[in-house]
Each structure stands twice: as structure tokens, then as C-alpha cells.
Amino acid sequence: MQNNPMNMMTAWMKIASSYNMMTLSAAEVIARRTMMMASGAMSGPEAMGMVMEKATIFATATERAAVAAAGGANPARITEAALKPYSSKTRSNARKLRR
């Protein structure tokens, strides 16, 4: 990506859109898991996975951002690399919990 202001603006708008979609998925996951906990329907493995996934995703996101930064990526690409694991996990959790 060049230093063209329009290219950078487009990149940041894509990141903002992706972030918004991730937060919507996360809100859905929180609501569904809260209902599961309140009704006693949450299994032990689901509860443990809910806790453990945070550290795993954080490590993956940090690694991808560091690799992008070490490769000379611009700030938008670094942010995109860090956000992608969170977005993927929230979407997959939402799909899984809809069943």
C-alpha cells in the first residue's frame, strides 16, 4: 500500500467495518452464553473453552501483528493482522451457538 491518503483512508474504513462486525458477533456470543449460564445449559467444556480461548486468541493476534510489523507493514496492515484472529473467533462462536 502506498502513502496515498485515499488508500490509507480506505484501509482504515475496512478495519473499522471489520471491527464493527466483530463487536456485533461478540455481543451475540455474550448474550447466548449468558442465556446458557442462566438456564444451566452451559456444559463444563463450553465454560472452560470460553475462558481459555481468550489467551489463545490474544497470543495469535500478538504474533500476527508482530510478524506484520517486522515485515515492514504499515499501521493499517498491522492492525488488520491483529484484528483478524478476534474476528474469526467471534464469528465462529456465534455460528456455533446458533445451533
Side-chain angles (χ1 to χ4, degrees):
M1 183 179 305
Q2 300 172 351
N3 287 333
N4 180 337
M6 289 306 290
N7 288 344
M8 289 303 291
M9 181 183 227
T10 300
W12 284 110
M13 291 301 291
K14 286 181 183 178
I15 290 168
S17 177
S18 178
Y19 184 82
N20 286 335
M21 293 301 294
M22 180 196 66
T23 58
L24 290 172
S25 294
E28 179 183 353
V29 170
I30 291 167
R32 289 182 184 277
R33 285 181 170 165
T34 299
M35 287 187 288
M36 290 171 69
M37 285 186 269
S39 67
M42 182 175 279
S43 68
E46 175 73 20
M48 183 58 74
M50 181 176 69
V51 173
M52 298 303 294
E53 73 188 10
K54 309 304 188 273
T56 304
I57 295 302
F58 177 76
T60 303
T62 303
E63 177 186 4
R64 290 189 182 177
V67 168
N74 64 44
R77 293 274 186 221
I78 295 168
T79 304
E80 183 181 6
L83 184 61
K84 189 169 180 138
Y86 288 104
S87 297
S88 297
K89 188 62 176 177
T90 56
R91 278 194 319 272
S92 71
N93 281 343
R95 279 192 304 268
K96 178 182 76 170
L97 293 170
R98 284 181 197 139
R99 293 186 228 155

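Treat the numbers as computed from the prediction; the structure is a model and nothing was measured. For the single chain, residues carry numbers from 1 onward in sequence order.
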What distance do [X] atom [atom1] and [Y] atom [atom2] have between them, rounded to the nearest 0.5 Å?
X	Y	atom1	atom2	result
Lys96	Arg98	NZ	CZ	12.5 Å
Tyr19	Tyr86	OH	OH	10.5 Å
Leu97	Ser25	CG	OG	11.0 Å
Thr23	Ile30	OG1	CD1	10.0 Å
Lys89	Thr60	NZ	OG1	10.0 Å
Lys84	Thr79	NZ	OG1	14.5 Å

With the threshold set at 4.0 Å, does a side-chain nitrogen-carboxylate oxygen contact exist between Glu28 and Arg32?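 Counted as a salt bridge, because a side-chain N and a carboxylate O are separated by less than 4.0 Å.
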Any salt bridge between Arg33 and Glu53, counting N to O under 4.0 Å? yes
Just wondering, are more than 12 heavy atoms of other shown residues or ligands nearer than 6.0 Å to [atom1] in [X]?
X	atom1	value
Met37	CE	yes
Met35	CE	yes
Lys14	NZ	no
Glu63	CD	no

Look at the side-chain heavy atoms of Ile, Leu, Val, Met, Phe, Trp and Tyr, link any pair under 4.5 Å apart, and say whether Ile15 and Val67 land in one connected group. no
Hydrophobic cluster identity match, Met42 and Val29, side-chain contacts under 4.5 Å: yes
Do Ser17 side-chain atoms and Met13 backbone N/O form a donor-acceptor pair below 3.5 Å? no
Side-chain donor/acceptor of Ser39 to backbone N/O of Met36, under 3.5 Å: yes
If you compare all heavy atoms of [X] against all heavy atoms of [Y], which two are closest, and at what distance to 0.1 Å?
X	Y	value
Leu83	Ser18	CD2-OG, 3.8 Å
Arg77	Ala68	O-CB, 4.5 Å
Ala65	Ile78	O-CG2, 3.8 Å

Do Ser87 and Met21 touch side chain to side chain, with heavy atoms closer than 4.5 Å?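 A side-chain contact under 4.5 Å is absent here.
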